[in-house]
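First the proteins, then the strands, lettered A, B, ... as listed; each starts at 1.
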There are 4 protein chains.
Amino acid sequence: MRELGIGLIGTGFMGRAHALAFRNVSAVFELPLKLNLAALADADPQRARHCADAWGFATAHSDWQQLIDDPKVNLIAITTPNHLHYPMAMAALAAGKAVYCEKPLAVSLEQASAMREAARSAGVVTRVGYNYQHNPMIVLARELIKNGELGEIISFQGEFSEDFMADPTSPWSWRCDPNHAGGALADLGSHLLSMARYLIGEVEAVCADTQTVHSQRPESPGSTVLKPIAIDDQVHALLRFANGARGTFSSSWLKHGYKNHLSFEISGTRGTLAFDQERLNELRLFRAGQDGFQRLLAGPNLPGYAAFSPAPGHQLGYNELKTLEVHDLIMALAGDSRGGTDFEQAWAVERLATAIRLAAREQRWVRIEEV
Amino acid sequence: MRELGIGLIGTGFMGRAHALAFRNVSAVFELPLKLNLAALADADPQRARHCADAWGFATAHSDWQQLIDDPKVNLIAITTPNHLHYPMAMAALAAGKAVYCEKPLAVSLEQASAMREAARSAGVVTRVGYNYQHNPMIVLARELIKNGELGEIISFQGEFSEDFMADPTSPWSWRCDPNHAGGALADLGSHLLSMARYLIGEVEAVCADTQTVHSQRPESPGSTVLKPIAIDDQVHALLRFANGARGTFSSSWLKHGYKNHLSFEISGTRGTLAFDQERLNELRLFRAGQDGFQRLLAGPNLPGYAAFSPAPGHQLGYNELKTLEVHDLIMALAGDSRGGTDFEQAWAVERLATAIRLAAREQRWVRIEEV
Amino acid sequence: MRELGIGLIGTGFMGRAHALAFRNVSAVFELPLKLNLAALADADPQRARHCADAWGFATAHSDWQQLIDDPKVNLIAITTPNHLHYPMAMAALAAGKAVYCEKPLAVSLEQASAMREAARSAGVVTRVGYNYQHNPMIVLARELIKNGELGEIISFQGEFSEDFMADPTSPWSWRCDPNHAGGALADLGSHLLSMARYLIGEVEAVCADTQTVHSQRPESPGSTVLKPIAIDDQVHALLRFANGARGTFSSSWLKHGYKNHLSFEISGTRGTLAFDQERLNELRLFRAGQDGFQRLLAGPNLPGYAAFSPAPGHQLGYNELKTLEVHDLIMALAGDSRGGTDFEQAWAVERLATAIRLAAREQRWVRIEEV
Amino acid sequence: MRELGIGLIGTGFMGRAHALAFRNVSAVFELPLKLNLAALADADPQRARHCADAWGFATAHSDWQQLIDDPKVNLIAITTPNHLHYPMAMAALAAGKAVYCEKPLAVSLEQASAMREAARSAGVVTRVGYNYQHNPMIVLARELIKNGELGEIISFQGEFSEDFMADPTSPWSWRCDPNHAGGALADLGSHLLSMARYLIGEVEAVCADTQTVHSQRPESPGSTVLKPIAIDDQVHALLRFANGARGTFSSSWLKHGYKNHLSFEISGTRGTLAFDQERLNELRLFRAGQDGFQRLLAGPNLPGYAAFSPAPGHQLGYNELKTLEVHDLIMALAGDSRGGTDFEQAWAVERLATAIRLAAREQRWVRIEEV
């Protein structure tokens, strides 16, 4: 069996999530490739070594370029802060290697466009970490929609809100920096835009409103020095989909009480479905003629679930969605792509987010082709 | 005790709801006025007589003008189809009588403006049937907001959807006629606009999208003759409130699975509350610092609930919201107004709906002063 | 149309609920009898007069025997504390009048047996206020069960808990007195026993555990004098139904967080249904082969709901269940009985509660015939 | 760092769940021991080899005794059908090795007693797979109870129901064989008994009812040959806890609509908590004085959650509860036991289940010391 050398850059929340996924995927699925956890990079050499040992990677690097150049590495997984996605992905593509990059793809549409072009030229497999789409319940939702079980899709109401910045004394971080793709729209909203496109298709026009609620924050935890902030704390938008559906979109990182509230309702001429990431193993479904909404629980009738458990109702966790994403990636690398989010799709998400920002700035409807 | 003569026009769903409310209110509350169910009018004399008997009204009229002229009648309750609100309310005001009119106030902003002027001139008490605001849980929500328990209000996500027109073979009715204030926005959405204003305050600008999904319907039940339809089946909008809050608004009568889904979430810098009319006795509340959302159940700590039951969790029904509305009206007639929706407020709702239609037609942001 | 003279004894929570129901029922239903709110009795003559005026009763009595003797009165509604049910009902039956008595029927099985005998001899219509059974969702549940939609019924899990006595400083009241049918089992549990019998049928054997958690309480609000208490604060039981189903039963008035938690799940060989009185307009239903539980909302497909509203999802309130109960009573008085809870059925509930107490006292299974 | 050699017996649902847990635990936690996936055994040599490769175990055995004798193996994980727990665990203990055995511990109380004795004599670490207790929300529930946040515990209502045997054509399997610890009580109920003991403490007396609903089933899938069945399809019981709390217990594998409904409510003199394994990342909590139940979402304030994610609301899955169980086991092996379920505790669960069966058979209350 052909071997696939994995090189992972970054050791934060997402770094570990990737590591867990690469470790699990071969125990959970029958894979056409043999995975080799070849190398891990972190700017801090001690941390790189420590994490490589803990997570089972053979080599540790403090210089990510060395990891990319490592001949044992075929796939570069990028989990660093957003502004590093561009240089790392471009270097990896230049080296002809497959790339698995965390979301958002880049910190500007210009960067995203260049990355898309480079990926096209390199002709390699790329994936971007919109992992919520790999949830078996979302795959089911897509099937239901595609098979026409909701009829013609006519409306979308979506919201992705959390409250991790709700406290005005939560300090500044790079997430507050527009040059690092900060803000609720890039950080949270992009997941929902990707989801909406995945389920319903392209958006053709948007109108939007963005808002900075807390215009200054401590420059570091506990600091009394306040730093001015100009990023979107919340965004609201109208969406017009190419297929005729219309809808609303909201995203906030100030919304008290919500921890992972990527939620949406999609209705069509024959039914409605509703989802909330805070209950990721459930889907509410109403088919015309039915008496009331059904609450579906994930079970082994869904292949992505069956991989983890033969028993329904036992529930997948967040990290397992990452394993499903890695499985999709590996299948694509083995030539059996199932249509995950590649740089092409992720660029389209960036374009859509850029259109939303433009619409908010100019307070007008923006057609997606304008950006 | 001074007597108040009630004259009720209309005997449909709303006519009976008014009748029940007038019958109940004096058993439930200690009132400063003695109610006299003086007269009832319906164009069909037999039905007028039958309903008058069943509901306890002394006199039956087939000509509503006679009811208005009846000297025993001090208050005119109007529950007829929307296009009749204007002539009836104008006649009542001309006769110097108090008016309690079902929503929406009128079929055009012009009518609504004239009605507002007439009410000002007449100097009488007016009320419009936005009864959901009288729900004790909504009164509580308003108190929480006013008392600053959610901090500064920053966002609103509201939706009022039902599915009674979801079946494309549901026939044409006056609700499909724009000249009768048809469409999802007037029929359902106006309730939500009124609610948003009640809870958060004036809206200063809107952007919107309206859509006719089913462009023809049978002209009558079962008919094969199809009638073209140009009314809004669904509407989506962005709202900018005068106090700085921003939000989304959706309304549809095509959304499968929903029967009375007037729902909203309001968040502020210190908390979030959420409500759904399909569970009208509940409120979900999160205060900063709390571990999770609380589910509040209506109870006798709320005066509007205590009027009906000394025991918490026993639940009010839709008809009792109408009784609470009538109580507010009667208190206003006795000189003790608590700020219900009068023609002034209802006109503002009409203006807001008109702004939404304009924004949708011209596909641009509209400031409320423009209309 | 024949006239029915109503005599109401008692003006508390239940007195007013009865009054509202008698006022509403003729506006909501086409009745075969004309109701006359003939007389109201309360030991306090001033209160009797005041309530008679407010609720529309013609005559006020301070002596309930006079009300029973009043020739204008055909039906005696009893809403006084439990220990008065027996003398009042016996007097009414002796006078040959129909009786509508609040639950529980009596303070002992001996009383209940005598009342049952007297009702049989009098040959009049009797009803007991187990109003939750008149909820259209419960009527639907019974239909589903009777029509075999759940298959053969095999299990019942029921609980009726509230928290109004949870605070150990809540003072003694007659509800703490076993001679007044005090305790959680009589006060709350009897509703659930009645419901279980209504839905599944007779119980043939029980085993049970009762417990006094707070063995003393202030003798009056705020008092430092403590009064010993020996009543059941909570009860747990096993039920064996005559049809072979088995189940559990719990009732408590100490269970923090619950306000009206009369809840149950009933499962059969082909499905499961679940209900909670705190959401009285809903039923959760799972039919074999279905993907997940459906949440049904009450609507006008159910006759008891249609009487109040033509629109689904608008919700009935507690007081309207009382109106439905009164409707059942009036239909029975007109000769069209639909099988409401009469003294016969209410006696069977008392017998079952008595069996539960015996089983708890002797810590053994008790067959229902033993008591 | 000291190395710990893992030997895993069995490759079914639970075998893989163990394998995943052993693979993940060292990536998720900083461990005091270095894990070596030394050997895997399955009666089928090809399957043993295949799973060893896929899951990363060095050696494959078809004879489990060889695995136990393997000097590289220090810990024996047993995931075979129930009747094999006894011989395998006894052999492992005889070899002085630590044992991690799936639940239920044994197929009879006699076996369980012998295993408990052998474990005492061997003086090694033992654990039994009651993994639901390792859920951070359950650990939180236990803390809340221990810290007195619910006051004195007074009631328990618990149910563990699924529907995987609800279809009467579901064929016979060893789970239907009482000699293999079949039946709803052993298969599902034992989890709930273990949970009740973990949260509230010892049970001192029980009364119970068990029932075989489907007395014959196809002997294999699709077969027309029916095999008689005498196992409990459902069980209902009353529990009296040593601390004075009382409660109900239900378990069924016939209850349509439920997939993993291990649910309970525990109430005390100062609050109530409620849990349902079908939403394993949530806990409903009501503290006296609060307005309504709070819905808590798992987050990194709980150590067991923080190990997997720094972000609240992202949710753990079933397999991660297994990883937490393995972490507890490894910490115990390193001398830092946190009190997981060892053979002593698991024996007590068996004793309790045996008491329930006795109480059902003899239709009487049984004190736990009787068995």
Side-chain angles (χ1 to χ4, degrees), chain C residues 150-152 154-159 161 163 166-168 205 207-211 213-214 233-240 244-250 252 254-259 261 265 267-274 284-294 359-360 363-365, chain D residues 150-152 154-159 161 163 166-168 205 207-211 213-214 233-240 244-250 252 254-259 261 265 267-274 284-294 359-360 363-365:
Chain C
L150 304 185
E152 183 193 344
I154 58 175
S155 84
F156 172 85
Q157 286 84 30
E159 175 179 358
S161 292
D163 66 3
D167 182 345
C207 189
D209 218 3
T210 58
Q211 196 177 16
V213 172
H214 298 302
D233 283 324
Q234 60 179 13
V235 53
H236 296 92
L238 298 178
L239 307 180
R240 300 178 70 119
R246 314 287 172 88
T248 60
F249 166 93
S250 300
S252 170
L254 300 184
K255 197 162 172 188
H256 282 289
Y258 289 108
K259 307 306 174 188
H261 186 47
E265 302 203 356
S267 76
T269 51
R270 284 172 41 206
T272 298
L273 63 77
R284 289 194 311 120
L285 177 64
F286 184 92
R287 288 183 177 94
Q290 206 170 271
D291 291 324
F293 271 95
Q294 284 192 57
Q363 289 285 295
R364 64 173 180 89
W365 282 92
Chain D
L150 304 186
E152 182 193 344
I154 56 175
S155 85
F156 172 85
Q157 286 84 30
E159 175 179 358
S161 292
D163 66 4
D167 183 345
C207 191
D209 219 3
T210 58
Q211 197 178 15
V213 172
H214 297 303
D233 283 324
Q234 60 178 14
V235 52
H236 296 92
L238 298 178
L239 307 180
R240 299 178 71 119
R246 313 288 173 89
T248 59
F249 166 94
S250 300
S252 170
L254 299 184
K255 197 163 173 187
H256 282 290
Y258 289 109
K259 307 306 174 187
H261 186 47
E265 301 204 357
S267 77
T269 52
R270 283 171 43 203
T272 298
L273 63 77
R284 288 194 311 121
L285 177 64
F286 184 92
R287 288 183 177 94
Q290 206 170 273
D291 290 324
F293 271 95
Q294 284 192 58
Q363 288 285 297
R364 65 173 178 90
W365 281 92

Name the region of [X], side chain, backbone, both or neither, that has any atom closer than 4.5 Å to a heavy atom of chain C.
X	answer
D:Glu159	side chain
D:Gln363	both
D:Ala205	neither

Legend entry - Heavy-atom pairs under 4.5 Å with chain D, option from C:Gly247, C:Pro168, C:Gly292 with the top count: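 Of the options given, most contacts go to C:Gly247.
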
With rounding to the nearest 0.5 angstrom, report the [atom1] to [atom2] distance, [X] to [Y].
X	Y	atom1	atom2	result
C:Ser155	D:Gln234	OG	CD	5.0 Å
D:Gln211	C:Ile154	CD	CD1	7.0 Å
C:His236	D:Arg246	NE2	CZ	9.0 Å
C:Glu265	D:Ser252	CD	OG	11.0 Å
C:Thr248	D:Asp209	OG1	CG	11.0 Å

Legend entry - Partner chain C: residue of D:Lys259, D:Arg240, D:Arg270 with the largest heavy-atom pair count (under 4.5 Å):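 Heavy-atom pairs under 4.5 Å are most numerous for D:Arg240.
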
Legend entry - Heavy-atom pairs under 4.5 Å with chain C, option from D:Ser267, D:Ala166, D:Gly271 with the top count: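 Option with the greatest count: D:Gly271.
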
Inset, instruction - Using a 4.5 Å cut-off on heavy atoms from C-beta on, say whether the side chain of D:His214 contacts that of C:Thr269. - result: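 Of all side-chain heavy-atom pairs linking D:His214 with C:Thr269, at least one is under 4.5 Å.
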
Inset, instruction - Just say parallel, tilted or perpendicular for the rings of D:Phe286 and C:His256, cut-offs at 30° and 60°. - result: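 If you compare the ring of D:Phe286 with that of C:His256, the planes turn out parallel.
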
Legend entry - Least distance between heavy atoms, D:Cys207 atom then C:Trp365 atom: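 Heavy-atom minimum between the residues: SG-NE1, 3.4 Å.
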
